[in-house]
Amino acid sequence: MSGAGQRVAVGIEYDGSRYAGWQAQPGLLSVQSEVEAALSSVADQPVSVTCAGRTDAGVHATGQVAHFDTGVERPMRGWVLGANSLLPADIALRWAAPVAPDFHARYTAEARSYEYLILEQPVRPALERLRVCWLRERLDEAAMHDAAQCLAGEHDFSAFRGAECQARTPLRRVERIAVRRDGDVVALTVTANAFLHHMVRNIAGTLIEVGTGEREPRWVATVLDSRDRRRAGVTAPACGLYLRSVRYPAGALPADLPAAGHRL
């Protein structure tokens with residue numbers, strides 16, 4: 001049944017290992033194209049989705065948010081169950097909710113949180129090979145955490161900006177950055193208003209050099225001040241990166257939505 005039209009937001013989790021990233025690209029498998037195909041089938045008409053953060057190839061998400069407009073009336077549970085019956089096993093809708101006509105998954109967002117997972121063990125992992133960054137070396141997570149604190153606040157992050165970045169400005173405001181250990185997994189979490197291309201992976205690669213003892217913690221501040229990508233560490237592998245959550249103004253989304261999914 002068709003109605004006057006409404007805007008619907010959805011929460012999405014996915015294992016990005018098979019995909020060329022979120023964004024639909026001709027001839028390539030993308031998360032966006034799979035989600036749009038499933039929702040279009042449920043709606044029985046074309047559906048186009050806009051996401052909060054366009055993750056790169058191999059990057060995962062437990063808290064991606066997207067929105068779409070439709071003139072078709074379906075129960076919110078119907079969007080979720082219908083889409084999930086059609087989506088591949090490595091993509092799932094977690095929730096659907098009606099939102100205001102001016103809600104925008106990307107532009108209404110106040111902040112996004114990413115997590116980068118590093119697994120320490122002497123031999124390569126098998127089951128988690130596409131879900132973590134693997135290192136043989138033991139990391140000093142306390143030194144990494146201390147070094148990362150200079151990145152909090154608003155800065156020019158040119159030193160951590162990917163060469164293909166198309167952002168108009170390198171200025172970003174990092175609300176919180178932390179490194180912690182849970183057994184043999186070291187996790188870097190970063191919350192910011194927005195991110196540059198490869199920003200978190202470049203920060204991770206830089207902090208890993210501190211964690212292994214190759215660099216002193218104060219070196220990270222000199223890298224930031226240099227605004228020179230060549231001064232920073234390597235770009236850490238995509239497989240360790242997760243989009244964990246997106247924060248919106250109070251009332252933009254229902255308060256009782258399910259929390260983001262599993263850590264790994």
Side-chain angles (χ1 to χ4, degrees), residues 9-17 19 21-23 31-32 35 49-67 80 90-97 104-119 128 130-133 141 144-145 148-149 151-152 157 160 162 172-205 207-208 235-250 252-264:
V10 291
I12 312 168
E13 69 176 30
Y14 49 86
D15 179 333
S17 303
Y19 300 94
W22 164 269
Q23 190 168 359
V31 179
Q32 180 182 11
V35 171
V49 298
T50 300
C51 74
R54 292 178 292 182
T55 53
D56 292 331
V59 175
H60 318 295
T62 56
Q64 177 72 273
V65 177
H67 78 262
V80 174
D90 49 10
I91 305 175
L93 265 59
R94 292 186 54 79
W95 52 263
H104 194 285
R106 180 180 178 187
Y107 297 124
T108 306
E110 295 180 333
R112 298 151 180 82
S113 295
Y114 281 86
E115 184 173 45
Y116 194 86
L117 300 182
I118 305 163
L119 174 66
E128 297 174 341
L130 300 177
R131 307 286 298 279
V132 296
C133 169
E141 72 278 4
M144 295 170 69
H145 177 82
Q149 298 316 299
L151 304 177
F157 281 93
F160 303 98
R172 293 293 185 268
R173 185 180 68 257
V174 171
E175 296 182 1
R176 180 179 180 274
I177 183 167
V179 180
R180 70 185 190 284
R181 174 181 294 279
D182 182 3
D184 55 4
V185 174
V186 173
L188 162 68
T189 57
V190 189
T191 299
N193 63 327
F195 290 85
L196 301 171
H197 188 232
H198 286 174
M199 179 172 158
V200 178
R201 291 169 59 191
N202 290 337
I203 290 173
L207 293 177
I208 286 171
T235 304
C239 55
L241 185 59
Y242 295 75
L243 173 57
R244 289 302 193 194
S245 63
V246 184
R247 190 180 77 230
Y248 292 95
L253 290 174
D256 59 348
L257 295 176
H262 301 293
R263 178 175 176 182
L264 287 178

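The first residue in the sequence is number 1, and the count goes up from there.
- Taking R112 as the reference, nothing meets the side-chain hydrogen bond (donor to acceptor under 3.5 Å, both in side chains) condition, with sequence neighbours excluded.
- For the side chain to side chain contact (heavy atoms under 4.5 Å, CB included) test, residues two or more places apart in sequence or in another chain that qualify with H198 are D56, R201, N202, T235.
- Heavy-atom minimum distance, A238 versus A57: CB-O, 3.3 Å.
- Checked against side chain to side chain contact (heavy atoms under 4.5 Å, CB included), A96 has the following partners two or more places apart in sequence or in another chain: V8, V10, M76, W79, V80.
- Partners of T50 by side-chain hydrogen bond (donor to acceptor under 3.5 Å, both in side chains), not counting sequence neighbours: none found.
- A donor-acceptor pair under 3.5 Å is formed between the side chain of Q149 and the backbone N or O of I177.
- Of all heavy-atom pairs between H67 and A105, the closest is ND1-N, 3.0 Å.
- Between C239 and L130 the shortest heavy-atom distance is CB-O, 3.4 Å.
- Not a single donor-acceptor pair under 3.5 Å links the side chain of H60 to the backbone N or O of Y242.
- For Y114, the ring pair (Phe, Tyr, Trp, His ring centres under 6.0 Å) test picks out F195, with sequence neighbours left out.
- With sequence neighbours excluded, the residues satisfying side-chain hydrogen bond (donor to acceptor under 3.5 Å, both in side chains) with R247 are E110, E175.
- Note that the CD1 atom of I91 and the CD atom of Q32 stand 11.0 Å from one another [nearest 0.5 Å].
- Of all non-hydrogen atoms in V59 and L241, the two that sit nearest each other are CG1-O, 3.4 Å.
- L207 contributes atom CG, which lies 11.5 Å from atom OH of Y116 (distance to the nearest 0.5 angstrom).
- For the pair C133 and P237, the tightest heavy-atom approach, listed with the atom from each and the gap, is SG-CD, 3.9 Å.
- Residues that satisfy the side chain to side chain contact (heavy atoms under 4.5 Å, CB included) test with L257, not counting sequence neighbours, are W95, A97, L253, P254.
- Scored by the side-chain hydrogen bond (donor to acceptor under 3.5 Å, both in side chains) test, D90 finds R18, Y19 as partners (sequence neighbours excluded).
- Partners of E141 by side chain to side chain contact (heavy atoms under 4.5 Å, CB included), not counting sequence neighbours, listed by chain and number: V179, R181, V186.
- Every residue was checked against the salt bridge (Lys or Arg N to Asp or Glu O under 4.0 Å) condition with R54, not counting sequence neighbours, and none meets it.
- Taking each heavy atom of R173 and N193 in turn, the nearest pair found is N-OD1, 2.8 Å.
- Of the inter-residue distances, the one linking R244 atom CZ with T189 atom OG1 reads 10.0 Å to the nearest 0.5 angstrom.
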